[in-house]
Amino acid sequence: MEAQTPSDALMMRSKNICVLFSYDMGTFDRYWEGSLLRSNETIATVDRNTVLPMAAIGILDNLNFYVSLPYVSTDSSEPNGGKFTGARGFQDIGFALKYRAIRTNLGKGTFTALATAGFSTPFTNYLSDYRPYSIGSGAPEFSLRAISQYQWNNGFYVRGALAHLWRGYTEAERDYYYNNGSYYTAWMDVPNAWTYEGIIGKWFFDTSLKLELSYMSLTSTSGDDIRAYNAAQPTNKVEFDRLGFSAQYFIKSIKGLGVVAYHNRVVDGRNTPKLSNTGFGITYQFNVIKKQTDENDAQ
Amino acid sequence: MKTMHNKIYFLLLALVTIILASCEKDTPRYLPYEDYAYSELNADGGDWVPVLQESGSAIEISAPASSDSQEYQNELQEVKQAMGSMTSEQKKAITYWTNNPAIRWNEVALELIAKYNLIPGPNADGTYTLPNPSNPEGPPAFPFAHPPYACRALAYMSVAQFDGLITAWHYKYEYNRAAPYKMDETIDYAYQENDIPSYPSDGAVIARASKNILTAMFPLEAAYLQDLEEEHLESLLLSGGNVMSDINAGVEIGDAVSTTALARAANDGMKNAQTPKAVSDSIKQAAFDRFGWAWDNLEIPERPVG
């Protein structure tokens, strides 16, 4: 999740490919019902594990393409009062194009501005109206993200990103639902959302270790609240603030190989689990044309 | 490099346009039916046997002013004036309520049933509080509209509508006062025209009877239901189908039939159908004594159930 991703400021040179394979362990035992933080013995503690293969492809030095396909599995701890079975399966296949529009020396560092356009859509016919076990929102999503970063020559950097997510509709397995009123259809409108990210980080040891602290916020532009002691549904107005820490290390002795580890915590929210997640991954970058692999084009 | 930039911008723009334009879906909030013509007219509907009333004539409705009277002419004038200055909201309301509003009120009932079909959650100490009609705010809110409660609410509403319509039909053909659009050619009826006399208004019977029953069944929705009733009653006048005295007579019938229905509901035993822990435990013990086993509730914390 923290290698070259659609949301960071790293670019790969043309004809380079980076593959990422990561394992993410998420868990929560409380969630926000509207703005009320509560526990619920019906679901007890819910685990949500994700295996994420992703590939980043350098088309041009300033244009990268990404493809990803997470496999998600969810389950409740025992004992729980609901006896619901978890869910598992391939979630949404995602594609993204990241374009670096500006990279210029400015003062004692480098200023970079990038834009990413992403599209994802369910890869399998999973049940989206099965919260909190559903593996995804079940709706196509189109996103536009603007990213800017300033990195000092000593390796310290700050980055900000703003994205808008347009979500489509997901089909529930019922032909009527309540969303502050009646809906006589199986189609649920998944709310659009804004995300804001702020990151501070630093490179160490000749750009072989990168440490980052991140803040991310998501705000849905519409939607309803989870009702008392009731299950969430895809129409909910989800909001959260999340803090995170990540480390990425490029192993000098094996060219192109890197490892990544991170931990994130949702600290405030609405209609969303108070999720903590920890992940580990390996990245491998290679040049498909030249024999010799390029150094990671970090700044 | 310049042309490459242009291609990228074009690609992005095309992607955005395609995705945003392709996926608007219709998510209807109510059933999309419009007014329609009935296949036949039963002028003897007033002789049908009501469920809770003695007969179609059990509720007394006084004779209306004659259509020649100044009083009635003033009412016609009032209809024409109101119709002449309708807002687009009012026109939408006429289309929405249609000439078969019983279906709309059933949709309203369904919406409230869905809204209140929430099983009460446990308290912090592991006990459960039963929904209480004398403290509807709760928590938990009253009612828990589980299927038996929902069926009962729909039954009382339908019985009140049915009895009220029989009463309305009885007086329609006793007094035979034609609808405003029959009396005055300049009035255009919003729905399919028919020969049903308009005093008392059948629509007003449905509006008031349904509102009264649903307000009793879902006390926290009183203001919402009041708004719906007002919109419905107004649409009856603005449709050109009723003058105000038609509507007032229908409202009178609606009040009478819902009073009878709610008096029955107050003593139908529903209030005994809830199981506080003591009752639940005694039922469980009785089952165990008789059969040697009893059902266990597997919720956490364990819920007292019947």
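Letters A, B, ... mirror the listed sequences (proteins, then strands); counts begin at 1.
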(request) Rounded to the nearest 0.5 Å, what's the gap from CH2 on Trp187(A) to NZ on Lys25(B)? Could you check? (result) 4.0 Å
(message) If you count every heavy atom of other residues, nucleotides or ligands that lies below 6.0 Å from Tyr30(B) atom OH, does the total exceed 12?
(response) no
(message) Are there over 12 heavy-atom neighbours, none belonging to Phe84(A), within less than 6.0 Å of that residue's CZ?
(response) no
(request) Decide if atom NZ of Lys284(B) counts as having more than 12 heavy atoms of other residues, nucleotides or ligands within a radius under 6.0 Å. (result) yes
(request) Kindly write out the residues that satisfy salt bridge (Lys or Arg N to Asp or Glu O under 4.0 Å) with Glu41(A), not counting sequence neighbours, or none if the list is empty. (result) none
(request) For chain B, find which of Ala44(A), Gly181(A), Ser39(A), Gly81(A) contributes the most heavy-atom pairs closer than 4.5 angstrom. (result) Gly81(A)
(request) Go through the atoms of Asn80(A) and report whether side chain, backbone, both or neither lie under 4.5 Å from a heavy atom of chain B. (result) backbone
(message) Can you tell me which portion of Leu298(B) sits under 4.5 Å from chain A's heavy atoms? Options are side chain, backbone, both or neither.
(response) both
(message) Given heavy-atom pairs under 4.5 angstrom as the criterion, report whether the side chain, backbone, both or neither of Pro139(B) touches chain A.
(response) neither
(message) Does atom CD (Gln192(B)) have a neighbourhood of more than 12 heavy atoms from anything else shown, all under 6.0 Å?
(response) yes
(message) What verdict does the side chain to side chain donor-acceptor pair (under 3.5 Å) test give for Tyr184(A) and Arg29(B), after you've listed the backbone C-alpha separation in whole Å, the side-chain angles of each residue and the deciding distance to 0.1 Å?
(response) CA-CA 6 Å; Tyr184(A) 291 85; Arg29(B) 310 295 303 271; over 6 Å; no
(request) Against chain B, label Asn40(A) side chain, backbone, both or neither, depending on which of its atoms sit under 4.5 Å from a heavy atom there. (result) neither
(message) Does Lys277(B) have more than 12 heavy atoms from other residues, nucleotides or ligands lying within 6.0 Å of its NZ?
(response) no
(request) Go through the atoms of Tyr178(A) and report whether side chain, backbone, both or neither lie under 4.5 Å from a heavy atom of chain B. (result) side chain
(request) Might you confirm whether atom CG of Asn272(B) has over 12 heavy atoms from other residues, nucleotides or ligands at distances under 6.0 Å? (result) yes
(request) Using salt bridge (Lys or Arg N to Asp or Glu O under 4.0 Å) as the criterion, list what pairs up with Arg131(A), not counting sequence neighbours. (result) none
(message) Can you confirm whether more than 12 heavy atoms, excluding those of Phe288(B), are under 6.0 Å from its CZ atom?
(response) no
(request) Name, in order of residue number, those residues of residues 93-115 of chain B that have a heavy atom at a distance of less than 4.5 Å from a heavy atom in chain A; otherwise write 'none'. (result) Glu107(B), Leu110(B), Glu111(B), Ala114(B), Lys115(B)
(request) Under 4.5 Å, heavy atom to heavy atom: which of residues 227-236 of chain A reach chain B? Give them by number, or say none. (result) Arg227(A), Ala228(A), Tyr229(A), Asn230(A)
